[in-house]
Peer 1: 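Before I ask anything, let me first share the structure, which is written out below as C-alpha cells.
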Amino acid sequence: MKFIVKLLLNGIVVVPLLMWFSEATLLQAVITALVLSIIAYLVGDQWILKVSNNTVATAADAVLSFAVLWMAARWMNWDLSFMEMIIISLVLGVVEVFFHRFLGTVDDRTAAKQ
C-alpha cells in the first residue's frame, strides 16, 4: 500500500513536469517515474527513513530524484536543464515531506493495533 501511494504521488509530479520541461514521451516519463519511485522507496523510505528522520530522508529523496532525472535526461537525450531538474526535485521534496508523515502515521496506527 505504501509503495502504491508513493508511486502515485511521484507519478503525479514527475510525469507532467517531465513532459512539460522536456521532450519526454508519456511512456518515457512514466518509466522514469516508476524507476525513481522504486529506487526512492527502497533507499529513502525503507532504509534512510528508518534509521534517521523525515528531514534526512526527504533530502536524500530530493538528491536521489535529481540524480535519476539527470541520468534519464542524458540517456534519453532530453533537453532538461539543471534548473528544471532542480524544480522537479524540489516539488518532489515537498511531496516527500507529506509522504513521510503519512508513513509515520500508518506505522503508528499499526503499532497501536498490536
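Note that this is a predicted model, so its numbers are computed, not measured.
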Peer 1: Do Leu80 and Arg74 have side chains that get closer than 4.5 Å, going by heavy atoms?
Peer 2: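 SC-SC contact between Leu80 and Arg74 ruled out.
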Peer 1: If you round to the nearest 0.5 Å, how far is CG of Leu7 from CD1 of Ile12?
Peer 2: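 Nearest 0.5 Å value for the CD1-CG distance: 10.0 Å.
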Peer 1: Using every non-hydrogen atom in the two residues, find where Ala57 and Gly44 come nearest and quote the distance to one decimal.
Peer 2: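 Ala57 and Gly44 have their closest heavy atoms at CB-O, 3.9 Å.
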Peer 1: Between Asp79 and Glu84, what is the shortest heavy-atom contact and its length?
Peer 2: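 So the minimum-distance heavy-atom pair works out to O-OE1, 3.7 Å.
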Peer 1: Spell out, yes or no, whether Val35 and Ile48 are grouped together once hydrophobic residues are joined by side-chain heavy atoms under 4.5 Å, including indirect joins.
Peer 2: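 Yes, Val35 and Ile48 fall within the same hydrophobic cluster.
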Peer 1: Would you say that Gln28 contacts Met19 through its side chain, given a criterion of any heavy-atom pair below 4.5 Å between the two side chains?
Peer 2: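 No. Closest side-chain heavy atoms not under 4.5 Å.
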Peer 1: For the OG1 atom of Thr58 and the CZ atom of Phe99, what is their distance to the nearest 0.5 Å?
Peer 2: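 The OG1 atom of Thr58 sits 10.5 Å away from the CZ atom of Phe99.
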Peer 1: Do Lys6 and Val95 touch side chain to side chain, with heavy atoms closer than 4.5 Å?
Peer 2: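 Answer no - side chains too far apart.
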Peer 1: Does Val13 form a side chain to side chain contact (heavy atoms under 4.5 Å, CB included) with Leu9? I'd like the steps, not just the answer.
Peer 2: CA-CA 6 Å; Val13 172; Leu9 291 173; 6.0 Å; no
Peer 1: Just verifying a value: how many Å separate Ile87 CD1 and Leu17 CG, rounded to the nearest 0.5 Å?
Peer 2: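 Reported value, rounded in 0.5 Å steps: 8.5 Å.
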Peer 1: Can you tell me how far CH2 of Trp70 sits from CE of Met85, rounded to the nearest 0.5 angstrom?
Peer 2: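 Separation between the atoms: 8.5 Å.
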Peer 1: List the atom of Met76, the atom of Thr32, and the distance in Å for their closest heavy-atom pair.
Peer 2: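 Minimum heavy-atom separation between Met76 and Thr32: CE-OG1, 3.7 Å.
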Peer 1: Could you give me the CA-CA distance, side-chain angles and deciding distance for Leu69 and Leu18, then say whether side chain to side chain contact (heavy atoms under 4.5 Å, CB included) is met?
Peer 2: CA-CA 9 Å; Leu69 290 170; Leu18 272 180; 4.0 Å; yes
Peer 1: To the nearest 0.5 Å, tell me how far Ile88 CD1 sits from Trp20 CH2.
Peer 2: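 Ile88 CD1 to Trp20 CH2: 10.0 Å, rounded to 0.5 Å.
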Peer 1: Check for me, please, whether Trp75 and Leu26 land in the same ILVMFWY cluster - side-chain distances under 4.5 Å, paths through other members count.
Peer 2: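 No, Trp75 does not connect to Leu26 through the hydrophobic network.
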Peer 1: Following the transitive rule for hydrophobic clusters with a side-chain heavy-atom cut-off under 4.5 Å over Ile, Leu, Val, Met, Phe, Trp and Tyr, establish whether Val15 and Leu8 coincide in one cluster.
Peer 2: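 Unlinked, Val15 and Leu8 end up in two clusters.
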Peer 1: Val68 pairs by side chain to side chain contact (heavy atoms under 4.5 Å, CB included) with which of Leu36, Ile38, Val63?
Peer 2: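 The single option meeting the side chain to side chain contact (heavy atoms under 4.5 Å, CB included) with Val68 is Leu36.
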Peer 1: Check ring-ring contact (aromatic ring centres under 6.0 Å, His included) between Phe21 and all other residues, then give those that pass, not counting sequence neighbours.
Peer 2: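 Not a single residue meets the ring-ring contact (aromatic ring centres under 6.0 Å, His included) criterion with Phe21.
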Peer 1: Is Leu92 reachable from Val56 through a run of I, L, V, M, F, W or Y residues, each pair having side-chain heavy atoms under 4.5 Å apart?
Peer 2: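 Shared cluster, yes.
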Peer 1: Applying a strict under-4.5 Å side-chain criterion to I, L, V, M, F, W and Y, I'd like to know whether Val97 and Trp47 cluster together.
Peer 2: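 In one cluster: no.
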Peer 1: Distance check, rounded to the nearest 0.5 Å: Phe66 atom CZ versus Leu90 atom CG?
Peer 2: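 One gets 10.5 Å once the value is rounded to the nearest 0.5 Å.
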